[in-house]
Amino acid sequence: LGQICDEEQRVCLPRRWSVTRSSDLPVLQEIELRGITAKDDENAWLASSNGVIRVKGGLRALNRAATGNGLPSDDVRVVVVDGDYLLAGTAAGVGILNLATDEWTQINADQIGNVSVRALAMGPDRTIWIGTDGGLFRRAIMDDGSVADSGQDLTVATGLLDNRINDVL
């Protein structure tokens with residue numbers, strides 16, 4: 001989490017997470033938090049039953065993305081940040097935020113066989129592994145930001161023991 005330094009006192013202390021009550025933050029009231037991912041000391045994203053919540057600079061700025069703002073569903077189950085991309089797995093597909101351009105792309109029912117996303121991982125080549133209730137799907141983010149089928153879908157029919165994928169590493 002880095003350090004906080006006081007130049008006048010010539011002291012550096014480790015930065016620590018702070019805990020707050022949901023009653024102090026209206027955006028966190030009456031929602032279910034399901035996951036968290038952080039890009040650096042200043043930027044974190046929360047998966048929730050009410051969309052993706054971005055926490056920037058501690059609790060100094062909160063933003064929320066939801067259906068209509070780039071997400072296929074408000075029911076966000078998992079978030080992953082990797083490089084310039086934030087992936088949000090939802091009950092209706094994947095929302096992909098390009099952090100450099102602030103533009104969303106979606107992976108929905110016409111691109112994967114099952115949209116009930118439970119797990120996500122991203123490889124260094126921008127390959128996205130999508131674990132769903134209906135198998136494991138592999139897609140890729142292209143240079144123009146579009147999503148391409150990589151031709152590798154794994155289900156019980158192709159040898160998986162179970163179609164429900166709860167974690168991808």
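Owing to the predicted nature of the structure, the values given are computational and were not obtained by experimental measurement. If you read the sequence from its start, that first residue is 1, and numbering goes on from there.
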- line: To the nearest 0.5 Å, atom CZ of Arg118 lies from atom OG1 of Thr90 at 11.0 Å

Shared hydrophobic cluster for Trp104 and Leu99 (ILVMFWY, side-chain gaps under 4.5 Å): yes

- prompt: Is Val80 linked to Val117 within one hydrophobic cluster, defined over Ile, Leu, Val, Met, Phe, Trp and Tyr using a side-chain heavy-atom separation of less than 4.5 Å?
  reply: yes

message: How close do Val168 and Ala121 get, counting heavy atoms only, and between which atoms?
response: CG1-CB, 3.6 Å

message: Tell me whether Asn108 contacts the main-chain N or O of Gly93 through its side chain, where contact means a donor paired with an acceptor under 3.5 Å.
response: no

task: Keeping the roles fixed (side chain from Lys39, backbone from Ala44), state whether a donor-acceptor pair exists under 3.5 Å.
output: no

- request: Determine yes or no for a side-chain-to-main-chain donor-acceptor pair under 3.5 angstrom, with Thr37 supplying the side chain and Val81 the backbone.
  value: yes

message: I need the Ile130 CD1 to Leu136 CG distance, nearest 0.5 Å.
response: 8.5 Å

message: Rounded at 0.5 Å granularity, tell me how far OG1 in Thr132 sits from CD1 in Ile165.
response: 7.0 Å

field: Rounded distance (nearest 0.5 Å) linking atom CG of Asp133 with atom CG of Asn163
entry: 9.0 Å

- request: Could you tell me the separation between the CH2 atom of Trp129 and the CZ atom of Arg139, rounded to the nearest 0.5 Å?
  value: 10.0 Å

Val76-Ile107 co-clustered via ILVMFWY side chain contacts under 4.5 Å: no

field: Side-chain donor-acceptor pair present, Ser48, Asn50, cut-off under 3.5 Å
entry: no

message: Whether Arg126 and Asp143 form a salt bridge (side-chain N of Lys/Arg under 4.0 Å from carboxylate O of Asp/Glu) is what I want to check.
response: yes

query: Salt-bridged, Arg138 to Asp153, with N to O below 4.0 Å?
result: no

field: Shared hydrophobic cluster, Ile112 / Leu120 (ILVMFWY, side-chain heavy atoms < 4.5 Å)
entry: yes

- request: Let me see the working for Ser116 and Asn114 under side-chain hydrogen bond (donor to acceptor under 3.5 Å, both in side chains), right down to the final yes or no.
  value: CA-CA 6 Å; Ser116 182; Asn114 186 295; 4.6 Å; no

- request: May I ask you to test the Asn43-Arg54 pair for a side-chain heavy-atom distance under 4.5 Å?
  value: yes

- request: Please tell me if the side chains of Leu97 and Asp102 come closer than 4.5 Å, counting only heavy atoms from C-beta onward.
  value: yes

query: From Ser49 OG over to Asp75 CG, what is the distance, rounded to the nearest 0.5 angstrom?
result: 7.5 Å

task: Scan side-chain atoms only and decide if Ser146 and Asp144 contain a donor-acceptor pair under the 3.5 Å cut-off.
output: yes

field: Within-4.5 Å side-chain heavy-atom neighbours: Met122 and Ile141
entry: yes

query: Does the side chain of Trp45 come within less than 4.5 Å of Val55's, by heavy atoms?
result: no

- prompt: In chain order, what residues pass the salt bridge (charged side-chain N to carboxylate O under 4.0 Å, His left out) check against Glu32, with sequence neighbours excluded?
  reply: Arg34

- prompt: With hydrophobic residues grouped by side-chain heavy-atom distances under 4.5 Å, do Phe137 and Leu87 end up in a single group?
  reply: yes

